Amino acid sequence: MTICVECGASVHNLYTQYSKDNIRLTTCEECNQFADKYIEHDFVIIFIDMLLHKPQVYRHLLYNRISEQKGVEPHVFRFAILLILFEVYIKWFRLERYHSDYDTILHQPLYYQYLYILTLCIYEFIVFHCSVIALVRFYVKQVKYNYVSMALIISSFGKMLLILMVIWDYRQLEYSWLVSIIVLASNTEALSVYLNLSYFKTLFIILCGMVCQCIAQGTFLYWTDHTPRWI
């Protein structure tokens, strides 16, 4: 179902194509604006609007860019894998920098370290998404839960900003909580757009998911009998 990115009203199509390089954008009957201006915008403009947390760009990505399906769209799934692998990279460096004096997995073989942190990141990812989906059930009855996951994955693009801290000066990684705030805000914006919920309710859902994620990390480290209790 395609919608107008400005007002959210349903539209039959987003553009009319007259020739290979000649299209005309559809005008929304409700707000009299272009139904989806992002059709003619490149990725750079879309990424900037994502940084600015504009609801229009998430309507474009979730409703007009991704076709209806039961699972996770392949490109989004690959991006989720990239986010998990990047999280492994960040946790690994945090261990080396802040917890090298503890009896940690850093004393284990290299392949064991990687598999251990990878398992932890996958476990956190699953717990976070399952927790958010479970809470969404209380607020919205008719919703496609695979799109909830895709909204969270797409709006977590801010995690990639941490690579800049690593490239410039790894010591600045201790300020990564600023990036976490950006991710929290973008998660809230994307989920609010898709569920049509208030920011307060959506923020509550995301925060509860993050709490469950932190608990999952603590229990995982406790079960595997590794210190520290927090990465």
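This is a predicted model, so every value here is computed, not measured.
The ring of Tyr63 has its center no closer than 6.0 angstrom to the ring center of Tyr58. For an aromatic pair to be called close, the ring centres must be under 6.0 Å apart, and Phe34 with Tyr15 fails this. Residues His75 and Phe79 place their aromatic rings such that the two centres sit no closer than 6.0 Å.
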Point to revise | side-chain contact (heavy atoms from CB on, under 4.5 Å) evaluation trace for Tyr116 with Phe220 | key: CA-CA 10 Å; Tyr116 179 85; Phe220 182 89; 3.6 Å; yes
Review point. Can you list the steps and then say if Leu195 with Val148 is a side-chain contact (heavy atoms from CB on, under 4.5 Å)?
Key: CA-CA 8 Å; Leu195 300 176; Val148 174; 4.2 Å; yes
Exercise for review: Would you please test Ile46 and Arg65 for side-chain contact (heavy atoms from CB on, under 4.5 Å) and show each step?
Suggested key: CA-CA 12 Å; Ile46 293 176; Arg65 179 62 68 88; 3.7 Å; yes
Practice item. List the steps and the verdict of side-chain contact (heavy atoms from CB on, under 4.5 Å) for Thr26 and His12. Key: CA-CA 9 Å; Thr26 301; His12 294 294; over 6 Å; no
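Between the side chains of Thr2 and Asn64, no donor-acceptor pair is found at a separation under 3.5 Å. For the residue pair Tyr199 and Glu189, a side-chain donor N or O sits within less than 3.5 Å of a side-chain acceptor on the partner. Tyr38 and Asp49 are linked by a side-chain donor-acceptor pair at a separation below 3.5 angstrom, with hydrogens and angles left out of the test.
Annotation for Val193 and Pro55: closest pair CG2-CB, 3.6 Å, computed over non-hydrogen atoms. Residue Arg59 comes nearest to Cys4 through the heavy atom pair CD-O, 3.9 Å, listed as atom of the first residue, atom of the second, then distance. A pairwise comparison of heavy atoms in Leu135 and Tyr139 identifies O-CD1, 3.4 Å as the closest pair. The shortest heavy-atom contact between Ala35 and Leu14 is CB-CD2, 4.4 Å. The shortest heavy-atom contact between Cys212 and Val127 is O-CG1, 3.6 Å. Of all heavy-atom pairs between Val88 and Tyr114, the closest is CG1-CE1, 3.9 Å.
A donor-acceptor pair is defined here as one N or O able to donate and one able to accept, closer than 3.5 Å; no such pair exists between the side chain of Asp36 and the backbone of Val5. Side-chain atoms of Thr202 never come within 3.5 Å of backbone atoms of Leu191 as a donor-acceptor pair (strictly under, hydrogens ignored). Thr219 contributes a side-chain N or O that, together with a main-chain N or O of Ala216, makes up a donor-acceptor pair within less than 3.5 Å. Between the Ser131 side chain and the Gly209 main chain, no donor and acceptor come within less than 3.5 Å of each other. Side-chain N or O atoms of Ser192 include one that pairs as donor or acceptor with a backbone N or O of Leu197 at under 3.5 Å.
With values rounded to the nearest 0.5 angstrom, Glu6 atom CD is found 13.5 Å from Glu30 atom CD. Atoms CD and CD, on Gln33 and Gln56 in that order, are 8.5 Å from each other to the nearest 0.5 Å. Note that CD1 of Ile90 and NZ of Lys159 are 11.0 Å apart. Values are rounded to the nearest 0.5 Å. Remark: Asn146 CG to Ile133 CD1 distance equals 8.5 Å, nearest 0.5 Å. The distance from atom CG of Leu152 to atom OG of Ser186, rounded to the nearest 0.5 Å, is 9.5 Å. One distance of note links CZ of Phe77 with CE of Met150; it measures 12.5 Å at 0.5 Å rounding.
Here the side chains of Thr188 and His53 are not in contact, with every heavy-atom distance at 4.5 Å or above. Contact annotation: the side chain of Leu184 approaches that of Leu203 to within less than 4.5 Å [non-hydrogen atoms, C-beta and beyond]. In this structure, the side chains of His129 and Ile153 come closer than 4.5 Å at one or more pairs of heavy atoms. Side-chain contact between Phe204 and Cys208 is present, with heavy atoms from C-beta onward closer than 4.5 Å. Proximity of Val76 to Tyr147: side-chain heavy atoms (C-beta onward) are nowhere separated by under 4.5 Å. For the pair Met160 and Leu82, the minimum side-chain heavy-atom distance is below 4.5 Å. Residues Asn187 and Met210 form no side-chain contact, since every pair of their non-hydrogen atoms from C-beta on lies 4.5 Å or further apart.
For Lys201, the NZ atom is loosely surrounded, since the number of other residues' heavy atoms within 6.0 Å does not exceed 12. Summarising the local packing, CG of Asn13 is surrounded by more than 12 heavy atoms from other residues, nucleotides or ligands at distances under 6.0 Å. Within 6.0 Å of atom OH in Tyr123, more than 12 heavy atoms from other residues, nucleotides or ligands are found, so the atom counts as buried in its surroundings.
Cluster annotation: Val44 and Ile154 are assigned to distinct hydrophobic clusters (Ile/Leu/Val/Met/Phe/Trp/Tyr, side-chain heavy-atom contacts under 4.5 Å, transitive).
Ring orientation note: the planes of Phe47 and Phe157 are nearly perpendicular, at an angle over 60° on the 30°/60° scale.
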